Q: 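The structure under discussion is supplied below as structure tokens; questions concerning it will follow.
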2 protein chains.
Amino acid sequence: MINTASSSDSLFRQVTDSIAISILSGDLEAGALVPTEPDPGAGFSASRSVYREALKYLSAKGLIEARQRSGTRVAPRSAWNLLDPDILRWALAGKIDEDFVRNLYELRLFVEPNAARLAALRRTPEQLTRIGAALTRMEQNPPYGDAIIEADLDYHGSIFDAAGNPALTCLKSVVISTLLWSMRLQRNKDPSLFSVPLADHQRVYRAIAQQNGEQAGTYMATLVNDALHDAIAALRHTRSGDTTKHIEKINQIY
Amino acid sequence: MINTASSSDSLFRQVTDSIAISILSGDLEAGALVPTEPDPGAGFSASRSVYREALKYLSAKGLIEARQRSGTRVAPRSAWNLLDPDILRWALAGKIDEDFVRNLYELRLFVEPNAARLAALRRTPEQLTRIGAALTRMEQNPPYGDAIIEADLDYHGSIFDAAGNPALTCLKSVVISTLLWSMRLQRNKDPSLFSVPLADHQRVYRAIAQQNGEQAGTYMATLVNDALHDAIAALRHTRSGDTTKHIEKINQIY
DNA sequence: CGTAGTAAAAATCATACTATAAACTACCGG
DNA sequence: CCGGTAGTTTATAGTATGATTTTTACTACG
């Protein structure tokens, strides 16, 4: 496994990313021992301080568990906090498990329509403005650019914010990861086959503007469904190849 | 603020809990500086290693952000990963923000009926057995005991597992925290006013057994709604008083 | 069968030194 | 005289290393 952390990152981050990606990619299986001290043959050389702090960071995400005398081991998958932004980023960094992404879309389908519904009911004028501004940026930027990705994320993020439920808003990270995943796919297929589903975005916006909760929810459900189907369709056209660099670039936005 | 960490915990955990609870309780406001070195007047005395590892752990949850030269500060609330099990535990440890719990119930209402629906469609016989066993334990144990809490959590957890979506399952922690919160309330009011909503649990189980997804979803929605209303009703009967000890005991289950 | 001893690994402590980026200063050109 | 820019300072996080303590699974002994 090639160490994907760039050398400009702090040593702590290099070590953390490296171990995390080994775990998320399945390179280190659940139950496997994580070395007590920094492994000289692991692609990095760090002191024990850095290494231990990295392990604490990973244990905070549920990826590893330390027990005295037994050692530090990779935790079972059920303990991983899959909704954590870092975990999603790491999961996205390697070879992507298609089923997992499908699960994320499924979760979005449960959550985002409700977020749109609440946003329609609870939004302030300022929040509506922000959603509209993001939509405008989506309309006016060329597809595939970083600008439109940022706009898309801002659009969905603003809707979460307008829903007025901070706990709900934490699921924003799921939207981010699915969006980055679909971008990664689209780069590998015929661009003409794909179009940003602007119409869906527009009518969700209108429903929120009109404070029509049910309609906002319905349209958002369609939007997420369309996004999933587009992504699945893109999968069929995917040719194998190295897409790492593009994803790395996108990741730096966050 | 009294340090709620028991002295039998590891020093690392005491420090982590102490700082985290200060943040979650609002004692340390967003943007506030977190001391560079362990604060002698903070209720604990630890070396810098332990203290730094605690800070890394907290930064993994999004609670704090370190920047060279500027210092380490409490992150804005929007960066907190409110769905993280630790965060929910810390949020529950202090004085509870009623609105926040209401938000958690709202999220449950979006997620859990769908989990029940999927569970009805995808469950294996073994998974159904586990749900049924948990239900039986709920029926056969006296109310208010730890046994019934464990059974209730196992019931909801089994349904999440049966839904076959690991990302969805991560939201189990939300169920745990709302359940513990409602238990905490119920201890402070007239016990005769409350009854475990067994009927709701039973018909959800039956729907899952019959693989009737829509019905399972509908009944689960009722269950969550009932739970919320019971909890809100209990709030009205709450007399002020120290409930910390009981919660501490419950927390140890996890 | 239980009990005391052993050791492996995490946890803790203490003390260095380094790198970074924000703030400040001094210089230079307009 | 003003404004900006390049260099310097410095506070703080980050990194490094070695030693000690605590916990606990395992083992050997009574």
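Remember, predicted model here, so these are calculated numbers, not experimental data. Protein chains get the first letters and strands the later ones, always in sequence-line order, with residue 1 at the start of each. All values below were derived from every heavy atom in this structure, side-chain atoms included, with hydrogens, water molecules and symmetry-related copies excluded.
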Q: Compare the minimum distances between each of C:dA10, D:dT15, D:dA11 and the side chain of A:E53, then state the nucleotide with the smallest one.
A: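 The nucleotide sitting nearest to the side chain is D:dT15.
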Q: Is A:R122 atom CZ crowded by more than 12 heavy atoms from other residues, nucleotides or ligands, each under 6.0 Å away?
A: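 Above 12, so yes.
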Q: For A:L171, which of A:L104, A:N165, A:V111 qualifies under side-chain contact (heavy atoms from CB on, under 4.5 Å)?
A: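 Option passing the side-chain contact (heavy atoms from CB on, under 4.5 Å) with A:L171: A:V111.
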Q: Without decimals, in angstroms, what is the distance between A:Y51 OH and D:dT15 P?
A: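 It is 15 Å, rounded to the nearest whole Å.
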Q: Nearest to the side chain of A:R69, heavy atoms from C-beta on, is which of D:dT24, C:dT12, D:dA16?
A: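 Nearest nucleotide to the side chain: D:dT24.
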Q: Taking CZ from A:R48 and C1' from C:dT15, how many angstroms apart are they, rounded to a whole number?
A: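 Atom-to-atom, A:R48 to C:dT15, this comes out as 13 Å.
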Q: Expressed in angstrom and rounded to an integer, what is the separation of B:R52 atom CZ from C:dT15 atom P?
A: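 After rounding, the gap between these two atoms is 17 Å.
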Q: Show the nearest heavy-atom pair for residues A:A119 and A:I159, with the distance to one decimal.
A: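 It is CB-O, 3.7 Å.
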Q: Rounded to the nearest angstrom, tell me the gap between atom CZ in A:R13 and atom C1' in D:dA13.
A: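 Nearest whole value for this atom pair: 16 Å.
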Q: Report the C-alpha distance between B:E98 and B:R102 in whole Å, list the side-chain angles of each, state the deciding distance to 0.1 Å, and finish with yes or no for salt bridge (Lys or Arg N to Asp or Glu O under 4.0 Å).
A: CA-CA 6 Å; B:E98 187 188 329; B:R102 216 184 287 258; 2.5 Å; yes
Q: Rounded to whole angstrom units, what separation is found between the CG atom of B:D9 and the P atom of C:dT12?
A: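 Result: 11 Å.
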Q: Look at all strands and tell whether B:T36 reaches a base, only sugar-phosphate, or nothing, counting heavy atoms closer than 4.0 Å.
A: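 Here B:T36 touches the backbone only, sparing every base.
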Q: Is the CD atom of B:E139 crowded by more than 12 outside heavy atoms at less than 6.0 Å?
A: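 Above 12, so yes.
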Q: Nearest of D:dA13, C:dA21, D:dA16 to any side-chain atom of A:S49?
A: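 The answer is D:dA16, which lies nearest to the side chain.
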Q: Between B:Q68 and A:S70, which is nearer to the 5' end of DNA chain D once each is assigned its nearest nucleotide?
A: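 The answer here is B:Q68.
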Q: Whole angstroms only, please: what is the CG-P distance between A:L33 and C:dA8?
A: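 Taking CG of A:L33 and P of C:dA8, I get 14 Å after rounding.
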Q: A:E37 CD to D:dA16 C1': how many Å, rounded?
A: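 These atoms are roughly 12 Å apart.
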Q: Any side-chain N or O of A:S47 less than 4.0 Å from the OP1 or OP2 oxygen of D:dA16?
A: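 For D:dA16, OP1/OP2 do have a side-chain N/O of A:S47 under 4.0 Å.
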Q: A:S10 side chain N/O closer than 4.0 Å to the phosphate oxygens (OP1, OP2) of C:dA19?
A: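 Checking A:S10 against C:dA19: no side-chain N or O falls below 4.0 Å of OP1 or OP2.
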Q: What nucleotide, of D:dA25, D:dT15, C:dA22, holds the atom closest to the side chain of B:R67?
A: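 Nearest listed nucleotide: C:dA22.
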Q: Report the distance from atom CD of A:E65 to atom P of C:dA10, rounded to the nearest whole Å.
A: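 My rounded result for the distance is 14 Å.
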